[in-house]
**Student:** 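Dropping a structure here in structure tokens format, bear with me for questions.
Note that ligands are numbered from 1 as they come in the structure, with each ligand's atoms numbered from 1 the same way.
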Amino acid sequence: MSLLVQKYGGTSVGNPERINAVADKVARLRKSGHDLVVVVSAMSGETDRLINLAKSINADPPPRELDVLLATGEQTTIALLSMALEKRGCPARSYTGYQVHIRTDSAFGKARIMQIDEKRIHEDLKKGRVVVVAGFQGVDEDGNITTLGRGGSDTTGVALAAALKADECQIYSDVDGVYTTDPRIVSEARRLDRITFEEMLEMASLGSKVLQLRSVEFAGKYRVPLRVLSSFQEGPGTLITYEENEMEAPLISGIAFNRDEAKLTIRGVPDKPGIAAHILGEIGKANINVDMIVQNVAADETTDFTFTVHRGEYQKSFEILERVAQTLKAREVTGDDKIVKISVVGVGMRSHAGIASEMFKALAKEGINIQMISTSEIKISVVVDEKYLELGVRALHSTFGLEKPGHSAA
Ligand code: ASP
Ligand code: MG
């Protein structure tokens, strides 16, 4: 007998039939002796609908009130799923984040979970009930309702699994696991049986939307056994692992990409201490996250400074940079919001030289110009023109043999 925390995403509970299907599955597992805590998202499209509803009333809704509104999406689903379970003779109790004391900070719309009081949940489990918890929401110190950011139900699931010391946290959605890359771009993409936590963290931060980034960070911190699976078909899904023998690990596990990128360059800034800090300080003050940063080797006592930001913050960044350029007497500001980032990820590259050159060769063969490069121990990212996204991802997927089961191109 084990304790499972299962999380079902929006499409998995998107209509009454889907909710009934989830209830069938949960009731069956309960019958076979598992203890179950089930976290659900709002029905698919509901959170977007609520956001639009809010904006139709107030274009800039107060964050506190927006969270009160958004939390109703998940509250609907917990009640419906519990009703469906009861109808199947499976005792169930639904709880909002507030009711099971999912304590967060007060950052409305992107709150962080600080603490969970699992006593009440344990009591229900002891009585043989399935506990159904609303994802994506919590309560701050002053009793205000908060939400955890888009995709935040993943984090609720992982946090509950950590607090309850669950045997496994299972994240159900409409995809049956983590893939070597997006199957919509590369039809030969394969589901991975396992992926290391570090790789998953890179994939999530590089734009693979299978899991909310924060949920992966949380899982790593508490080493929560985490599995990604589909509620639409049976299968083992993908297990996120914490210990992996690097020698046995595939060289590359996946190709991630991000379309939402833009780059900015400020040319001819003085080459002296404090300049980078000043430029990025101004960008940071506007709450804009910077990703890749490149500074050229100086010539004639000036240098060029390039960085990337989220495409949605391109205009704002450009304006800030033009102001900075005036103060620094820089030569000019240029930018490009038609770029993408493509990355190869794999813990196997730690013990292998030459991955970067293989990657660059493959891109060169397709005539793809690399604009920027950045690396970490287990990933190499390049920025290229957006028109090369598909071509680049496909070329890299085949160069590293990812379409082959048990691939290990070396
Ligand atoms: N309902 C929220 C959203 O759509 C949270 C979630 O689904 O995880 O982002
Ligand atoms: Mg989701």
**Student:** Does an N or O from Gly149, backbone or side chain, lie closer than 3.5 Å to an N or O of ligand 1?
**Tutor:** no
**Student:** Measure the shortest side-chain to side-chain distance between Thr241 and Ile195 over non-hydrogen atoms and say whether it is less than 4.5 angstrom.
**Tutor:** no
**Student:** Answer yes if the side chains of Thr146 and Thr104 hold a donor-acceptor pair under 3.5 Å, and no otherwise.
**Tutor:**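 Side chains of Thr146 and Thr104: pair found under 3.5 Å.
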**Student:** Quick one: pull up CZ in Phe136 and CD1 in Ile102 and give me the separation to the nearest 0.5 Å.
**Tutor:** 12.5 Å
**Student:** Would you check whether Glu74 reaches within less than 4.0 Å of ligand 1, judged by its heavy atoms?
**Tutor:**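 Judged by the 4.0 Å heavy-atom criterion, Glu74 does count as contacting ligand 1.
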**Student:** Just which atoms of ligand 1 are under 4.0 Å from any heavy atom in Ser41?
**Tutor:**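 Once the distances to Ser41 are compared, the set is 6 (C), 7 (O), 8 (O).
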**Student:** So for ligand 1, is Asp154 a polar contact partner (N or O within less than 3.5 Å, distance only)?
**Tutor:**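 Among all N and O atoms of Asp154, none is under 3.5 Å from an N or O of ligand 1.
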**Student:** Are a donor atom and an acceptor atom from the side chains of Ser376 and Glu202 found within less than 3.5 Å of each other?
**Tutor:** yes
**Student:** Salt bridge check, Arg150 against Asp48: does any charged N sit closer than 4.0 Å to a carboxylate O?
**Tutor:** yes
**Student:** Got a salt bridge between Arg311 and Glu386, using NZ or NE/NH1/NH2 to carboxylate O under 4.0 Å?
**Tutor:**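 Salt bridge present between Arg311 and Glu386.
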**Student:** Using heavy atoms and a 4.0 Å limit, tell me yes or no: is Gly73 in contact with ligand 1?
**Tutor:**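 Per 4.0 Å heavy-atom rule, Gly73 does not contact ligand 1.
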**Student:** Does Gly151 have a non-hydrogen atom less than 4.0 Å from ligand 1?
**Tutor:**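 The answer is yes: ligand 1 sits under 4.0 Å from a heavy atom of Gly151.
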**Student:** What do you reckon, does Arg150 have a nitrogen or oxygen under 3.5 Å from a nitrogen or oxygen of ligand 1?
**Tutor:** yes
